[in-house]
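Below you'll find the structure, written out as structure tokens, and then a few comments.
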Amino acid sequence: MKKALTIFLAVCMLAVGTVLFAACGGNEDEGSGDTTVNVYLPDGTPALAMAKAMTEGIDIEGYDVDFHIIAAGNIGTVFTATDADLAIMPTIGAATNFTKGTGIQLVSTNVFGNLYVVGVNSTVNSLEDLEGKLVYTTAATTIQLLQYLLDENDISYGSGERAVPGQVTLQSFNAANEIIPLLKQAETKGEEAYGVLGEPQVTQCKANVTSAQSVIDFQAEWKGITGFDGYPQASLIVKNEFSAQNGAFVKAFAQALEDNGEWLSSESNIAAFKQALAAYNEAQGEDGYQTSLANLTLTPETIAGCNLDYQSAGEVKESVKDYIKRLSGTELADAFFYAV
């Protein structure tokens with residue numbers, strides 16, 4: 001039985017043991033006879049859902065697992081444009097693909113919300129206090145969720161680059177690393193500023209912007225409206241044609257992720273994971289995609305703010321259906337949920 005990932009032996013990793021990682025590969029492991037499974041992860045918090053698996057490896061007889069970390073904006077097309085068999089991706093993006101006819105199913109939900117409004121020189125204590133303020137945010141699910149929370153609280157909003165009295169003005173950016181410098185600039189000028197960030201970028205922001213503080217917790221706001229403890233932000237998705245032939249593997253792989261959140265709450269395991277990420281980046285070379293996670297500050301408090309957990313498709317079904325209905329108006333069919 002062989003380890004399911006390609007082995008990178010780095011001298012700096014010997015203190016914490018051999019770390020197993022995979023570079024991008026083909027669909028077959030030449031010479032071994034094992035089935036190669038391609039798992040894609042968006043760079044950022046969702047990738048943390050597989051920290052233990054990426055660090056210690058997964059040993060499932062007859063299979064080799066290759067992990068591929070890609071730009072978060074590209075994860076939505078992995079099942080149509082890549083050789084992906086499984087992926088961690090935003091739940092709402094997976095649901096959209098499913099309703100458009102892509103043959104995929106949700107195996108588990110692994111991230112239950114990591115978004116916060118961060119303020120500099122803040123006077124805000126609630127969503128209502130954001131009226132008359134300019135709020136920097138990223139696009140896609142983040143702005144969609146923020147708009148939903150504002151709607152549910154009867155708060156007007158619009159888009160623009162300047163604050164407008166009587167509404168929350170949203171200015172959208174492609175990535176969090178565009179927002180943090182704007183918060184720093186406001187601090188330097190002694191001005192008030194707000195941005196929506198997810199952990200671990202919240203921790204990164206507070207390390208660089210002294211006065212930055214979390215003023216609104218999206219997860220608490222969501223629970224207050226829906227009653228659900230967090231929202232099913234990112235999930236493990238499988239391609240139907242793969243699961244039809246490899247059902248036992250899908251079950252074993254999902255089970256290997258169950259204690260990931262608890263595992264990553266340890267400082268020693270965080271350190272091992274960071275070394276694995278560094279080894280991954282080195283293996284990609286100059287032309288390969290370099291994960292930003294390797295350079296972010298990760299602490300047990302940061303991990304707690306990411307709300308990592310594991311709920312199987314059966315356990316999370318009602319929460320996912322409610323989440324998708326609220327954000328997109330779509331009634332999800334039961335066929336979207338994989339029966340482990």
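Heavy-atom basis, side chains included; hydrogens, waters and symmetry copies ignored.
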Exercise for the section: Answer yes if the ring centres of Tyr323 and Trp222 are under 6.0 angstrom apart, and no otherwise. Expected result: yes
Exercise for the section: Please report the closest heavy-atom contact between Gln284 and Tyr289, naming both atoms and the distance. Expected result: CG-O, 3.4 Å
Handout entry: Non-hydrogen side-chain atoms of Asn38 and Thr82 separated by less than 4.5 Å
Key = no
Problem - CD/Glu315: more than 12 non-hydrogen atoms of other groups inside 6.0 Å - result: yes
Handout entry: side chain to side chain donor-acceptor pair (under 3.5 Å) partners of Asn260, counting only residues at least two apart
Key = none
Exercise for the section: Under the side chain to side chain donor-acceptor pair (under 3.5 Å) rule, collect the residues that match up with Asn110, sequence neighbours excluded. Expected result: Ser108
Practice task
Test side chain to side chain contact (heavy atoms under 4.5 Å, CB included) on Asp334 and Lys321 and set out the steps.
Solution key: CA-CA 9 Å; Asp334 287 346; Lys321 284 189 170 185; 2.4 Å; yes
Problem - Distance-minimising heavy-atom pair for Gly305 and Tyr116 - result: O-OH, 2.9 Å
Exercise for the section: State the CZ-CD distance between Phe228 and Glu318, to the nearest 0.5 angstrom. Expected result: 7.0 Å
Handout entry: Within-4.5 Å side-chain heavy-atom neighbours: Leu182 and Gln185
Key = yes
Exercise for the section: Would you mind reporting whether Val39 and Phe253 have side-chain heavy atoms less than 4.5 Å apart? Expected result: yes
Practice task
For Thr99, enumerate each residue passing the side chain to side chain donor-acceptor pair (under 3.5 Å) test, keeping only those at least two apart in sequence or located in another chain.
Solution key: none
Side-chain donor-acceptor pairs under 3.5 Å in residues 290-297, sequence neighbours left out?
residue	atom	partner	partner atom	Å
Gln290	NE2	Asn281	O	2.9
Gln290	NE2	Gly285	O	3.0
Thr291	OG1	Asp43	OD1	2.7
Thr291	OG1	Leu293	N	3.1
Ser292	OG	Asp43	OD2	3.0

Practice task
Please list, chain by chain and in numerical order, all residues satisfying side chain to side chain donor-acceptor pair (under 3.5 Å) with Asp259, sequence neighbours excluded.
Solution key: Lys52
Practice task
Side-chain contact test, heavy atoms from C-beta onward, threshold under 4.5 Å: evaluate it for Leu134 versus Arg162 and give yes or no.
Solution key: no
Practice task
For residues Leu145 and Leu327, determine if any side-chain heavy atom of one lies less than 4.5 Å from a side-chain heavy atom of the other.
Solution key: yes
Handout entry: Worked verdict on Tyr194 versus Ile216 for side chain to side chain contact (heavy atoms under 4.5 Å, CB included)
Key = CA-CA 10 Å; Tyr194 300 92; Ile216 295 174; over 6 Å; no
Exercise for the section: Could you tell me which residues satisfy salt bridge (Lys or Arg N to Asp or Glu O under 4.0 Å) with Lys184, sequence neighbours excluded, listed by chain and number? Expected result: Glu187
